[in-house]
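These figures come from a predicted structure and were not determined experimentally. Numbering starts at 1 and runs along the sequence shown.
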Amino acid sequence: MENNTNNKPWVELGLTDHEYQLIKEILGREPNQVELGMFSVMWSEHCSYKNSRPVLKNFPTEGPQVLQGPGENAGVVDIGDGLGIAFKVESHNHPSAIEPYQGAATGVGGIIRDVFTMGARPIALLNSLRFGSLTSARSRYLFSGVVAGIAGYGNCIGIPTVGGEVYFHPSYEGNPLVNAMCVGLLEHKDLAKGVASGVGNPVMVVGAKTGRDGIHGASFASEELNEASEEKRPAVQVGDPFMEKLLMEACLELIKTGYVVGMQDMGAAGLTSSACEMASRGNSGIEIDVALVPRREEGMTPYEIMLSESQERMLVVPQKGKEEEVKAIFKKWGLDAVVVGKVTDDGILRIREGEKIVAEIPAKGLTDMCPVYEREAKMPALLAEVQNCKLNDLPEPANYQKTFLDLISRPTIASKEWVYEQYDYMVGINTVIRPGADAAVVRIKGTKKGVALTIDCNSRYVYLNPYIGGKIAVSEAARNLVCTGAKPLGVTDCINFGNPEKPEIFWQFKEAVRGMSEACKELNTPVTGGNVSFYNETKGEAVFPTPTVGMVGLIEDIDKVCTLGFKDEGDLIILLGENKDELGGSEFLAMYHGLEAGMPPTIDLEKEKALQDCTLELIKNNLIKSAHDCSEGGLSIALAECCMASGLGAQVTLENDLRPSALLFGETQSRIVISVTTENLKKLKEITNKYAVPMSKLGIVQGKSLVINGKGFSIDLPLKEIEARYKGAIPCLMRD
């Protein structure tokens, strides 16, 4: 084995001296090159969660709706009638920073495999994307490449990309975040797991042939980006959505036969991770002969075969004696299905090349025996100063109408149509609510049900106060589902932070998880799985802490789905919740005053739950015609979005003693704008009183302009002018 100049080859692979000593203890000897490579990928943060595992235990993970919680390829929640929803979100940040098209495309491919390996047919894709400022040529390049990669893969495989979010902030300039989410539908009886059990059962590699792409991709995802990262381009895999479509159909057909004991995607760390994780879950061992693995390149070594992250491959353990039936199914779909080994009872992952043993490791040595670190956590020294920034004495805008137009043109707030028009969001013709709304809604064919889907996080709030920001991330995701009439069921999260070995970063992480956990408990949305992505830093500077929350909810009757657009002239516009004088962390504060300071908006989880329960009852009883969450940009932006969604204007009077800037642009939580007929106002008041939810009349749906009047301000703009600014912002910047 070749050593580096320091005679410490493990350091080159991202392992510490302590970890190398632990490996020697587990093996009772020095590891060989193949074994060292296998430990290096499995003990990377990306695969092991060695820095995050103790903190993640704080999440609630159980509930009557949870069919499968954390620990499998995807979580599953029950939606009744013997049906379940499998869903998962994962990051592909570093590959997308180096090769945006393939990085994003393979991120989509990997998350799709995580869902169909559970026995679920994928029905929808979502994504959460973060980039630097669009004034930067580099950010525009990454943005266009990532969107093209997502579109290229999702459109070709025939799964609709129905929703998501896009944020722009300088902290993401060198390290974009690309979080992909997939949602699938299954029957309870078809639920499959990634377990290797049954001594003597065959182990089969199915799908695409193995190449040299993606070697050490998991390790690459567990280090900071720097000038040398461009040299890691070979670590980015190349995806083939047409191959994945065939693989998906073959795997789903195989699961229906009942022959499958276990199935696992070959994602990060490839054959190594799939084999050791399946053996570890099954308390068994696996023996594999790499000479039998189908390859597309000559002269591949055992090291390369075990660490390759070539796409569109699965490891399958079928029942013994069913090998030919498995091969026949995959042959029908034009794919390889080759027996490469067997399940054993000794707990060892044994890798052969013909008669030669090239690696012999306890399966749990690669998984459960990975060291876990309790990192130091310390609040950033300057954060208290940032939080205590005096915002009460800031000057008010000279022109509120201009400020409103500038705000609605901010890329983070403006229409993302430039993005989602590249996605085929109607394939399968089950998309009921399309991208651009509070949440997407997909019909469950053959039933009256629908599922609502969203992915959310305001990272500026998390930066200013990770505990409050974490609570808001979960609360806003649930609120978005509720606005469609869906009852929130469960969470999958993608927790993106900087280097956890820095006490300030680890403090952010711990506090955010604490806030998210409290919100999940209060809103009854257990965490069914997810992904932690650390080391999102460039040249020592971390991205804004971004714990992205993916959430699914159930609509029992799809005919009662609610949308954000106003419906009829003369309807009353009502605010559920109350306005407060809160500007901290707002988009307005960053835009107009150049400040990212103060405390984020407060959040009372009991009041949030009451608001959500109240709104669900109103929608269920057909008492309201529209509902829309107030978020980035505040009440004025929410009203404009309700108008633009329908082409109907609004006449609004805001009677309040708050500062106009806070009233118009503040981002106070737990607020929903609804519209209702005059006839239903009495019933509306009865239900809001029942839940103790404040309500106030804002105005009426009328005309083709948005008019907002109040003490000391006035906005009066034609919808055409608002829409031109809203829809034109991102295309204009992308043409620069």
In residues 417-427, what donor-acceptor pairs under 3.5 Å come from side-chain atoms, sequence neighbours left out?
residue	atom	partner	partner atom	Å
Q422	NE2	W418	O	3.1
D424	OD1	M426	N	3.2
D424	OD1	V427	N	3.0

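- For NZ of K521, the number of neighbouring non-hydrogen atoms (other residues, nucleotides, ligands) closer than 6.0 Å is greater than 12.
- Defined by atom type and a distance below 3.5 Å, a donor-acceptor pair is missing between the side-chain atoms of N175 and N93.
- Under the salt bridge (Lys or Arg N to Asp or Glu O under 4.0 Å) criterion, E511 pairs with R514, not counting sequence neighbours.
- Within the 3.5 Å criterion, the main-chain N or O of C494 finds a donor-acceptor partner in the side chain of N496.
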Enumerate, atom names and distances included, each donor-acceptor pair closer than 3.5 Å involving a side-chain atom of residues 548-559, sequence neighbours excluded.
residue	atom	partner	partner atom	Å
T548	OG1	N179	OD1	3.2
E556	OE1	K449	NZ	3.1
D557	OD1	D559	N	3.0

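- Residues satisfying the salt bridge (Lys or Arg N to Asp or Glu O under 4.0 Å) criterion with D393, sequence neighbours excluded, are absent altogether.
- Note: S705 OG to Q651 CD = 7.5 Å, rounded to the nearest 0.5 Å.
- Within a 6.0 Å radius of CD in E385, no more than 12 heavy atoms belonging to other residues, nucleotides or ligands are found.
- Closest approach of L684 to V676, counting heavy atoms only: CD2-CG1, 4.0 Å.
- Ring centroids of F544 and Y463 are separated by less than 6.0 Å, placing the two rings close together.
- A donor-acceptor contact shorter than 3.5 Å links the side chain of Q669 to the backbone of E667.
- For Y592, there are no side-chain hydrogen bond (donor to acceptor under 3.5 Å, both in side chains) partners, not counting sequence neighbours.
- The two residues I433 and T484 have their closest heavy-atom pair at CD1-CG2, 4.0 Å.
- Among E582, K471, K607, the one residue that satisfies the side chain to side chain donor-acceptor pair (under 3.5 Å) test with T602 is E582.
- Contact record, C483 with A627: O-CB, 3.7 Å, taken as the closest heavy-atom pair.
- Ring orientation note: the planes of H593 and F588 are nearly perpendicular, at an angle over 60° on the 30°/60° scale.
- Ion pair D571/K567 not flagged as a salt bridge, since none of the NZ, NE, NH1 or NH2 atoms sits closer than 4.0 Å to an Asp/Glu carboxylate oxygen.
- Within the structure, the salt bridge (charged side-chain N to carboxylate O under 4.0 Å, His left out) test picks out the following pairs touching residues 626-655 (sequence neighbours left out): R479-D629.
- Using a 4.0 Å cut-off between a side-chain N of Lys or Arg and a carboxylate O of Asp or Glu, E578 and R671 do not qualify as a salt bridge.
- When each of L654, L572, T653 is paired with L698, the side chain to side chain contact (heavy atoms under 4.5 Å, CB included) condition holds for L654 and for no other.
- For the pair N536 (side chain) and F497 (backbone), a donor-acceptor distance under 3.5 Å is present.
- Between A640 and I722, the shortest heavy-atom contact is CB-CG2, 4.3 Å.
- More than 12 heavy atoms of other residues, nucleotides or ligands sit less than 6.0 Å from atom NZ of K625.
- The CD1 atom of I603 sits 10.5 Å away from the CD atom of E522 when rounded to the nearest 0.5 Å.
- Side-chain atoms of S459 never come within 3.5 Å of backbone atoms of P545 as a donor-acceptor pair (strictly under, hydrogens ignored).
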As a quick check of understanding, evaluate salt bridge (charged side-chain N to carboxylate O under 4.0 Å, His left out) for R138 and E173, giving each step before the final call. CA-CA 8 Å; R138 173 73 178 169; E173 174 71 28; over 6 Å; no
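- The shortest non-hydrogen separation linking L717 to F404 is CD1-CD2, 3.6 Å.
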Under the criterion ring-ring contact (aromatic ring centres under 6.0 Å, His included), I'd like the reasoning laid out for F131 against Y172: C-alpha separation, chi angles, the key distance, then a yes or no. CA-CA 5 Å; F131 302 94; Y172 304 109; 8.6 Å; no
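- Ion pairing of K609 with D613 is present here, as a side-chain N (NZ or NE/NH1/NH2) and a carboxylate O approach within less than 4.0 Å.
- Of the possible donor and acceptor atoms, one in the side chain of S636 sits under 3.5 Å from a partner among the backbone N and O of L664.
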